[in-house]
Peer 1: 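Can you keep this structure in mind? I'll have questions shortly.
Order of the sequence lines sets the chain letters (A, B, ...), proteins ahead of strands, with each chain counted from 1. What's counted below: heavy atoms across the whole structure, side chains too, no hydrogens, waters or symmetry copies.
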Protein chains: 2
Amino acid sequence: MHVCTYICVVKLEQAIQSNKFKDEVHKSALNILYTAWWLKTQSAIILKQFGITHEQFNVLRILKGKHPDDMCVRDIAGRMIEKNSNVPRIIDRLELKKLVERKQSQIDKRETVIHLTPLGVNLLEKCSEAIDTHRATEFAINNEEAMQLNALLEKIRSKEV
Amino acid sequence: MHVCTYICVVKLEQAIQSNKFKDEVHKSALNILYTAWWLKTQSAIILKQFGITHEQFNVLRILKGKHPDDMCVRDIAGRMIEKNSNVPRIIDRLELKKLVERKQSQIDKRETVIHLTPLGVNLLEKCSEAIDTHRATEFAINNEEAMQLNALLEKIRSKEV
DNA sequence: GTTAATTATATGTATGTACATCTATCTACT
DNA sequence: AGTAGATAGATGTACATACATATAATTAAC
C-alpha cells in the first residue's frame, strides 16, 4: 500500500536498510546526506514540469537577486550551494532555453556577464511559487524547529575554525 | 588568513553569500543541501588518498555487511544513500581496481553477485579508520546534539506518510 | 507447455560535479 | 612600454545521477 511505502522511508534505518551506525554522529552524517538527496528529488519532481533542473533553478534564483542587472560567472559561482558547480555549463543550458542571455563584459573583457530574459523571469516566478508551496505544505517542521536544525547544522561545521 | 576564510563559511549566509530566506524552513533546506555538500567534500579529501570516491566507499561499506558472502546489485542499490545510484557502473570501477569480484548467480541467472576481494577488505579497513577518525575529530557536535539533529531530519521528511 | 508479464541487470543519453588545462585579458612591476 | 604573473571563463576528462530502453532469465497465466 502507498502509506506503507512512505512510512518505511521516513526512518533512516529503513531508507538505507541498515542500523549499523557507530554512534549518533555517524548516523547524523548519513541522515544529512539522505535528507539532501530527498530534498533534491522532491524539487526535481516539481521543476521537471517546467523543464529545468534543481541546479538551473538555483542559477536563475541567483540571477534574480541582481535583475535586471547582469552578474558575472564568478559571482554566480560564489552563491551556489555546491561550490564546485561548473557554472558556465549550467549557463549553456539556460541560454539554449532562452532563459538567460550571456555577453562579454565591456568593463573587463575577461568576464562573461549574464542576465535573465523576460522568459526567464516568468519561468522563475512560476517555479518559485510551486517550490514555495511545496515546502510550506510538505516539510513537516515549524519555524521553531527549523531554527534548532539550522543551529545544529552550523554547529557541525564549526570545528573548521 | 586561514582562520578568517574558515570562519566565513560556517554561517550559511556567508557560504552562499545570501541572507534572503523566506523563513527558517527555507533556510533549513538550503542548510541541509550545503552541509551535505560539505560532508561529501570532506570525505572526498580523505578518500582521494586511497584512490576511491565517496560513492565507491559506500558500496564497499555495504558489501562489508555481508562479507564474505555475495550481494546482488539490487540489494546494494537498496542500501545506497542516493536511491538512483547506478550501481552496475560503480561496480565497474571497483572491479577495475580489483576491489570486488562480480559473477553471475547460479541460483538466479539474472542476478549478478558481488563480493569484496582481500584487497577490497584491506582498503576498506584503512578508509573506514580514516573516515571515522575524521568524523570524531572534525564534526563539532556531541552525541546528544546528534540525536536532536537526527530527530529533526526525520521530522522534516515525516509528512510523506 | 507455451506465451505473456515481470524482474535483474546492463547500457545509452543528458545533466551535473570535480578538477586540470587552455586562452584571453588584465594588473603589477621593472 | 613591455613582460610576468594573476584572473575569468571555457573546455576536456573521469565519475556520478536520473531516467529510458534493451536483454536475458524467471514467474505467472492460460
Peer 1: Under the salt bridge (charged side-chain N to carboxylate O under 4.0 Å, His left out) definition, can you give me all pairs with a residue in residues 54-71 of chain B, not counting sequence neighbours?
Peer 2: B:Asp70-B:Lys103

Peer 1: Please list, chain by chain and in numerical order, all residues satisfying salt bridge (charged side-chain N to carboxylate O under 4.0 Å, His left out) with B:Lys109, sequence neighbours excluded.
Peer 2: none

Peer 1: May I ask you to list the residues of residues 57-74 of chain A, by number, that have any heavy atom positioned under 4.0 Å from an atom of DNA chain C?
Peer 2: none

Peer 1: Excluding sequence neighbours, so at least two apart, what forms salt bridge (charged side-chain N to carboxylate O under 4.0 Å, His left out) with A:Glu111?
Peer 2: none

Peer 1: Could you list where the contact with chain B starts and ends along DNA chain C, reading 5' to 3', using a 4.0 Å heavy-atom cut-off?
Peer 2: C:dT7 to C:dC19

Peer 1: I'd like to check the salt bridge (charged side-chain N to carboxylate O under 4.0 Å, His left out) partners of A:Lys40; sequence neighbours left out, ordered by chain and number.
Peer 2: A:Glu82

Peer 1: Show me the donor-acceptor pairs, under 3.5 Å and distance only, between side chains in residues 94-102 of chain B and residues at least two apart or in other chains.
Peer 2:
from     : atom 1 : to       : atom 2 : distance (Å)
B:Glu95  : OE1    : B:Arg102 : NE     : 3.3
B:Glu95  : OE1    : B:Arg102 : NH2    : 3.1
B:Lys97  : NZ     : B:Gly51  : O      : 3.2
B:Lys97  : NZ     : B:Gln56  : OE1    : 2.5
B:Glu101 : OE1    : B:His115 : NE2    : 3.1
B:Arg102 : NH2    : B:Asp92  : OD1    : 2.3

Peer 1: For every nucleotide of nucleotides 15-24 of chain D, 5' to 3': is a protein heavy atom under 4.0 Å from its base (B), only from its sugar-phosphate (S), or from neither (-)?
Peer 2: SSBBB-----

Peer 1: List the residues meeting ring-ring contact (aromatic ring centres under 6.0 Å, His included) with A:Phe139, not counting sequence neighbours, and say none if there are none.
Peer 2: A:Trp38, A:His134

Peer 1: With A:Leu33, which of B:Thr35, B:Asn58, B:Leu39 fulfils side-chain contact (heavy atoms from CB on, under 4.5 Å)?
Peer 2: B:Leu39

Peer 1: Considering only heavy atoms from C-beta outward, does the side chain of A:Gln49 approach that of A:Ile46 to under 4.5 Å?
Peer 2: yes

Peer 1: Mark yes or no for whether A:Asn122, through its side chain, and A:Pro118, through its backbone, hold a donor-acceptor pair below 3.5 Å.
Peer 2: no

Peer 1: Which residues within residues 120-132 of chain B lie with some heavy atom under 4.0 Å of an atom in DNA chain D?
Peer 2: none

Peer 1: In whole Å, what is the span from the CD atom of B:Glu111 to the C1' atom of D:dA25?
Peer 2: 11 Å

Peer 1: Can you see which heavy atom on A:Leu153 is nearest to which on B:Asn31, and at what distance?
Peer 2: CD1-CB, 3.7 Å

Peer 1: Which residues pass the side-chain contact (heavy atoms from CB on, under 4.5 Å) test with B:Asp132, sequence neighbours left out?
Peer 2: A:Lys22, B:Arg135

Peer 1: With sequence neighbours left out, what residues match B:Glu24 under salt bridge (charged side-chain N to carboxylate O under 4.0 Å, His left out)?
Peer 2: none

